[in-house]
Amino acid sequence: MVSFLAESKSDMTSSGTAAIKRSGVDRRELLVLAAATVSSAALSPPLYAAGRWTYDLEPKEIDEGVYLLRGADEHLSTKNGGNIANIVFMETGEGVVLFDTGPSRLYGEELKQVIANTTDEPVIRVIVSHAHPDHYLGNQVFEDLPIESLAKVRDVIADIGDLFTDNMYRLVDVWMRGTRTVVPTKSLSPGRERIGRRELEFIALDGHSQADLALYDHGRRLLLAADLVFMDRAATTPHADLQNWQRSLDQLQQLPIDTLVPGHGPVTAGYRAIEQTRGYLSWLGETFRNAADQGLVEAEVNSLQIAAPFNELAVVQEEFIRSVSHLYGPIALDALDPIE
Ligand SMILES: [Zn+2]
């Protein structure tokens, strides 16, 4: 295991080797690597099964013609292959709308196969919700179609997408083989649009990241909230603006919602997931402001107790410490008395 990871990390220092890695999956090489360096306990089935790497994707129909591929409520790792985000595809009668493409080329390939096994409709729209790589690195498998996102999402992926991709290689390793950054090719216009039998609305928001797209089905009162909403799993904040995020949640809360698919975590009915996300973000902001008022340094904030009920969220301890590193510095600076 050690040599496996060490090899991947040293590879990341060289764009040449990274390019080789992206050139394709060499199955024999993977098998040799797996046998030499990964114990069966480290990567248990079904991720490495029947002599091949697989995400073993199983679509679940969560609403009429709407299928969810549920990500693990974990951090990115070699164990889950980066499969931590919820990916959704929906039939419209005219073709499939795909909402996010997953964390790697391999995932994208399996996703494409799953869609073909599930429905006779061809994929007609490929939508990327936001510029976080666990949501869009399957793009290259769908390059024969326009890949659509908000303009800002395109800009961010064009600017720093390769850094995200390299980071994914470091964290997820062999699962990323053959994966490269594919920038969305088409800017999506927010607003209502009839696609087949569905009256859909593309809603442009922000706050979780620089630009966050939600997709709402008016007929089904179904919201695909992407990472604006987390359920039973602590929110991630690397590019968050807490105020804007809360404002976006206010806007989503105006919609009549029967079914909500969060970016991470289980599907829920009604507004529970929005309220939970709002509660956690409020607690996070308040905790940081109180800590800043007391003059705490980051290391001290890291060791603060996580209040109930948020202490029961998946991966909350790790996400809290990450949020301290993302968000606490500016809040602590703001709290300093101005020098006269
Ligand atoms: Zn995200």
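As the structure lists them, so they are numbered: ligands from 1, and atoms in each ligand from 1. As the structure is a prediction and not an experimental result, all values here were calculated from the model.
Taking 4.0 Å as the cut-off between side-chain N and carboxylate O, Asp73 and Arg233 do not count as a salt-bridged pair. In summary, Glu143 and Arg180 engage in a salt bridge, as defined by a charged side-chain N under 4.0 Å from a carboxylate O. Electrostatic pairing of Asp334 and Arg289 does not count as a salt bridge here, judged by no charged N lying under 4.0 Å from a carboxylate O.
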N/O donor-acceptor pairs under 3.5 Å from side chains in residues 112-119, not counting sequence neighbours:
{"unit_1": "Lys112", "atom_1": "NZ", "unit_2": "Val141", "atom_2": "O", "d": "2.9"}
{"unit_1": "Gln113", "atom_1": "NE2", "unit_2": "Asn117", "atom_2": "OD1", "d": "3.1"}
{"unit_1": "Asn117", "atom_1": "ND2", "unit_2": "Gln113", "atom_2": "O", "d": "3.4"}
{"unit_1": "Thr118", "atom_1": "OG1", "unit_2": "Val114", "atom_2": "O", "d": "2.5"}
{"unit_1": "Thr119", "atom_1": "OG1", "unit_2": "Glu91", "atom_2": "OE2", "d": "2.8"}
{"unit_1": "Thr119", "atom_1": "OG1", "unit_2": "Glu121", "atom_2": "N", "d": "3.0"}

Would Trp175 and Tyr107 count as a ring pair (Phe, Tyr, Trp, His ring centres under 6.0 Å) if you check the C-alpha gap in whole Å, the side-chain angles of each, and the deciding distance to 0.1 Å? CA-CA 8 Å; Trp175 298 96; Tyr107 186 101; over 10 Å; no
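Excluding waters, the set of protein N/O/S atoms under 2.8 Å from the Zn ion (ligand 1) reads His130 NE2, His132 ND1, His208 NE2, Asp227 OD2.
Centroid-to-centroid, the aromatic rings of His208 and His132 come within less than 6.0 Å.
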